[in-house]
Amino acid sequence: MPAFAESASPAAEADRRFMAAAIRLSLWHQGLTGENPSVGALVVRPQAEGGAIVGRGVTALGGRPHAELQALHEAGDAARGATVYATLEPCSHIGKAPPCADALVAAGVARVVIATLDPDKRVAGRGVSILEKAGIEVVTGCLEAEARRAMAGFLSLKGRGRPYLTLKLAVSADGMIGRRGAGQVSITGDIARRAVQMMRVEHEAIMVGVNTVVEDDPLLTVRLAGLEQRSPARIVLDPFARTPPRARLFAEAARRPVLILASEKAQRRRADALRDSGAVVQTVASDYRGRFDPREILRVLGIIGLKSVLLEGGAETARRFVDAGLVDRISLFIGASAVGENGVASPVTETAVPAGFEIVGTGRYGDDRLIEYERID
């Protein structure tokens with residue numbers, strides 16, 4: 001199983017180009033494939049024939065059929081002797097569909113280029129073994145870092161038993177995320193807020209603390225034209241079930257789930273009232289004061305099967321996950337104006353970033369800036 005060799009050769013450059021296309025394809029169904037990752041796969045005829053793409057596949061909504069099977073189906077007989085690019089090692093276990101590795105062998109492909117191996121114990125190198133035993137050339141590690149970033153949620157769930165956690169903060173020029181007693185305060189402009197809407201599309205759930213719901217009464221949905229149906233599940237950390245039963249986030253609870261995580265100390269009548277509003281109320285262990293351990297929260301969400309969660313506030317909730325070392329990515333939007341008196345200090349600012357993070361991207365949205373950090377330790 002040779003690893004991908006970085007070089008400037010035409011063959012290596014072609015592999016990078018097709019794998020980059022497969023990674024872009026994988027993003028189409030990000031957050032919509034259940035516990036399965038959204039994988040991209042391409043079937044490409046040999047370079048001697050022009051390197052034409054004859055089959056494309058992305059993991060279907062809900063998780064099946066898998067990308068490789070769809071790409072092979074589209075390619076038909078043209079798959080024989082072709083190269084397949086897959087962002088994740090083809091599966092080797094028998095589930096609701098035949099193993100993708102066996103399907104590749106049956107199709108007669110000559111070569112398979114894989115971005116990253118599958119951490120699932122049912123696969124974990126077995127897919128590669130099936131291919132190699134059939135005489136198929138296998139190359140691994142092509143654009144591995146980019147592919148792992150695209151499926152970070154799946155890798156986190158399978159590798160750590162918890163979802164990948166992104167913390168989103170909108171911070172004013174004076175380091176605040178809001179003003180006490182003022183409800184929702186606009187920190188950034190419309191362009192940056194639309195960017196946040198796209199971030200919601202890319203995650204399976206949005207999570208906030210109960211104080212954010214009580215004070216701001218947010219919808220926590222996607223409001224971009226044409227993408228309204230891509231709104232993720234909403235999660236509220238609410239130890240004592242204080243979420244108002246008439247909160248706006250319940251308006252569409254039938255179509256966009258609302259999960260209330262309450263402690264055993266929550267009054268039963270309050271929890272029942274939230275269920276009557278359409279929420280799913282899940283009991284989570286807490287300390288004697290009713291406070292949650294952030295690790296327990298993510299463990300429960302992992303059991304549910306969530307792969308990626310966008311943490312949007314408030315300040316205390318964000319600080320607890322940061323202090324626990326459970327934030328994997330920070331998306332820090334920095335506004336141009338100041339909040340002033342009675343501001344709520346942000347747990348993260350451009351000049352106060354937790355140890356163990358590095359900048360992986362920057363952007364500008366009108367007058368606002370975005371700095372993205374990823375954990376490196």
Side-chain angles (χ1 to χ4, degrees), residues 18-44 53-79 82-107 109 112-120 122-124 126-127 130-131 143 146-158 163-164 198 200-205 222 224 226-233 255-257 302 304-309:
F18 285 121
M19 186 59 76
I23 292 171
R24 290 194 297 271
L25 182 61
S26 76
L27 300 177
W28 285 16
H29 290 169
Q30 194 172 57
L32 300 174
T33 55
E35 290 191 32
N36 288 341
S38 183
V39 173
L42 299 177
V43 181
V44 180
I53 297 174
V54 294
R56 299 172 178 81
V58 59
T59 306
L61 302 181
R64 287 179 175 79
H66 289 180
E68 298 93 327
L69 298 180
Q70 296 183 75
L72 290 174
H73 178 75
E74 183 177 292
D77 292 340
T83 294
V84 172
Y85 293 86
T87 59
L88 182 68
E89 179 184 5
C91 67
S92 58
H93 60 284
I94 298 176
K96 296 181 180 179
C100 292
D102 288 348
L104 291 167
V105 172
V109 305
V112 177
V113 180
I114 299 167
T116 187
L117 298 181
D118 193 334
D120 191 324
R122 297 172 297 176
V123 183
R126 293 185 181 90
I130 289 172
L131 298 173
L143 299 190
E146 292 85 344
R148 291 183 69 85
R149 183 171 292 117
M151 63 182 78
F154 169 78
L155 297 174
S156 178
L157 184 62
K158 291 300 180 183
Y164 187 88
M198 282 305 302
R200 291 179 175 181
V201 168
E202 295 167 355
H203 289 77
E204 293 181 338
V222 174
L224 294 175
L227 292 175
E228 295 89 348
Q229 299 307 313
R230 294 291 299 271
S231 290
R255 290 193 298 163
R256 300 175 177 88
I304 292 172
L306 289 174
K307 301 191 299 293
S308 60
V309 175

Study note, to complete from the structure: When Leu131, Val44, Leu72 are each screened for side-chain contact (heavy atoms from CB on, under 4.5 Å) with Val109, the one that passes is Leu72
Taking atom [atom1] of [X] and atom [atom2] of [Y], what is their separation to the nearest 0.5 Å?
{"X": "Arg230", "Y": "Gln30", "atom1": "CZ", "atom2": "CD", "answer": "8.5 Å"}
{"X": "Leu69", "Y": "Glu74", "atom1": "CG", "atom2": "CD", "answer": "13.0 Å"}
{"X": "Ser156", "Y": "Leu306", "atom1": "OG", "atom2": "CG", "answer": "11.5 Å"}
{"X": "Leu32", "Y": "Gln229", "atom1": "CG", "atom2": "CD", "answer": "11.0 Å"}
{"X": "Leu155", "Y": "Lys307", "atom1": "CG", "atom2": "NZ", "answer": "11.0 Å"}
{"X": "Leu117", "Y": "Arg148", "atom1": "CG", "atom2": "CZ", "answer": "9.0 Å"}

Point to revise | Side-chain touch His66/Cys91, heavy atoms, less than 4.5 angstrom | key: yes
**Study point:** Note, Phe154 side chain near Thr33 side chain (heavy atom, < 4.5 Å)
**Key:** no
Nearest heavy-atom neighbours spanning [X] and [Y]:
{"X": "Glu204", "Y": "Gly305", "answer": "OE1-O, 4.1 Å"}
{"X": "Pro90", "Y": "Ala101", "answer": "CB-N, 4.0 Å"}
{"X": "Ala150", "Y": "Leu27", "answer": "CB-CD2, 3.9 Å"}
{"X": "Leu104", "Y": "Val84", "answer": "CD2-CG2, 3.8 Å"}
{"X": "Arg200", "Y": "Pro232", "answer": "O-CG, 3.5 Å"}
{"X": "Gly226", "Y": "Glu228", "answer": "N-OE1, 3.0 Å"}

Review point. With sequence neighbours left out, what residues match Arg149 under salt bridge (Lys or Arg N to Asp or Glu O under 4.0 Å)?
Key: Glu374
